[in-house]
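Per chain, numbering begins at 1; letters A, B, ... match sequence-line order.
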Number of protein chains: 2
Amino acid sequence: MTRTAAQRRAEEKAAYNAFFAACPSRQLLDRISDKWVVLVLCALGEGAEDGSPRTLRYSELARRIAGVSPKMLTQTLRSLEQDGLVTRTVVPTVPVTVSYALTDLGSSLHGLTRSLRAWAQDHMDAVLAHRATAGRAAGGGS
Amino acid sequence: MTRTAAQRRAEEKAAYNAFFAACPSRQLLDRISDKWVVLVLCALGEGAEDGSPRTLRYSELARRIAGVSPKMLTQTLRSLEQDGLVTRTVVPTVPVTVSYALTDLGSSLHGLTRSLRAWAQDHMDAVLAHRATAGRAAGGGS
DNA sequence: CAGCATCCCTTCTGATACTG
DNA sequence: CAGTATCAGAAGGGATGCTG
């Protein structure tokens, strides 16, 4: 059981492994593997590569991400805020104004979510084609 | 790259856009934004960059992805097979043997899932730190 | 070994309605 | 505008038992 400090450090460095059920990274993976998370990060990150924060208001996000209910949008934003991926800024104007923006951490994930969205759009036809042929290859079908 | 505004409009209109609720790519995005999908693709794709298919048996997958129930594993594999991301090969040995492997389509997504898993593992500490400070920011920290 | 079927509980998610 | 609260239905997901 005796381990050197170097060994222990190396172990801690590779400590997180999403293949392990008990690993916290599994939960994190579950969180970011979410339709709304991907779309929110995509919306907030679009056009922000140049460094401009691209802050979006709550209603702007809701408009951009068609079909999202206020509940899910709020829930998603809250979890992202808690995890340090987005910032929430409240401006106490008369009709209160709330704007959201990506943090550096969020930006680092945005690239992936954008690719994910792009993949879904780019390969939609291929998947659709496969679904159409699937199931009839086995001769099954009543 | 010179495109008229009309051409660009037509192109955007025709393309899949996950921001639209009715767009099929929204459903596809929802499908691939799944914990088990990510882990299965990660498991099947590991070490397959050189072209070796890296086929895994059902039980091997189950062992690798700790904590997955047979139900979820089968369900995930079926959906991936239907969408043309993995192939399912049955070898009629006495104890029947079933192996799974990524298709080209699946391989194209594997890079993203691997990055996703890596992101979760790499930024776990940062997220954990943020969660710890979240909520107590208003009352000062300890 | 590799599933499928079933039960059953939990979580998620989407309307709807209401508030500061 | 930017949420919050509540409810009901849908889906997720585990445990168990059973096949080929």
Residue met sooner reading DNA chain D from 5', once A:Pro70 and B:Val94 are mapped to nucleotides: A:Pro70
Stacked cation flag A:Arg117 on B:Phe19, 6.0 angstrom / 45 deg: yes
5′-ward residue of the pair A:Lys35/A:Val96 relative to DNA chain C: A:Lys35
Straight-line distance of B:Met124 CE to A:Leu29 CG, nearest 0.5 Å: 10.5 Å
Gap between atoms CZ and C1', on A:Arg63 and D:dA2 respectively (whole Å): 13 Å
Between C:dA15 (C1') and A:Lys71 (NZ): distance, integer Å: 10 Å
Residue-phosphate contact under 4.0 Å: B:Arg31 side-chain N/O, D:dG12 OP1/OP2: no
Closest to the B:Val98 side chain, choosing from C:dA2, D:dG3, C:dC4: C:dA2
Euclidean distance, atom CD of residue B:Glu81 to atom P of C:dG3 [Å, nearest integer]: 9 Å
Atom-to-atom span, CG of A:Leu73 to P of C:dG14 - whole angstrom: 11 Å
Spacing of A:Tyr58 atom OH relative to D:dG3 atom P, expressed in whole Å: 6 Å
A:Tyr58 side chain reached by A:Pro70 side chain, heavy atoms, under 4.5 Å: yes
Side-chain heavy atoms of A:Arg64 within contact of A:Glu46, under 4.5 Å: yes
A:Gln27 CD - C:dT11 C1' separation (whole Å): 15 Å
Over-ring placement of B:Arg57 relative to B:Tyr100, 6.0 Å and 45° cut-offs: no
Whole angstrom value for the distance that separates C1' of D:dC1 from CG of A:Leu56: 15 Å
Gap between atoms CZ and P, on A:Arg57 and D:dA2 respectively (whole Å): 5 Å
Minimum-distance nucleotide to B:Ser69 side chain [options: C:dG3, D:dG14, D:dT4]: D:dG14
Nucleotide nearest B:Trp36 when distance is taken to its side chain, options D:dA2, C:dA2, D:dG14: D:dG14
Whichever of A:Asp30 and A:Pro95 has its nearest DNA chain D nucleotide further upstream toward 5': A:Pro95
Any A:Ser59 side-chain N or O less than 4.0 Å from OP1/OP2 of D:dA2: yes
Per A:Gln75 side chain, nearest of listed nucleotides C:dT13, D:dC1, C:dG3: C:dT13
Side-chain N,O (A:Arg88) to OP1/OP2 (D:dA2) below 4.0 Å: no
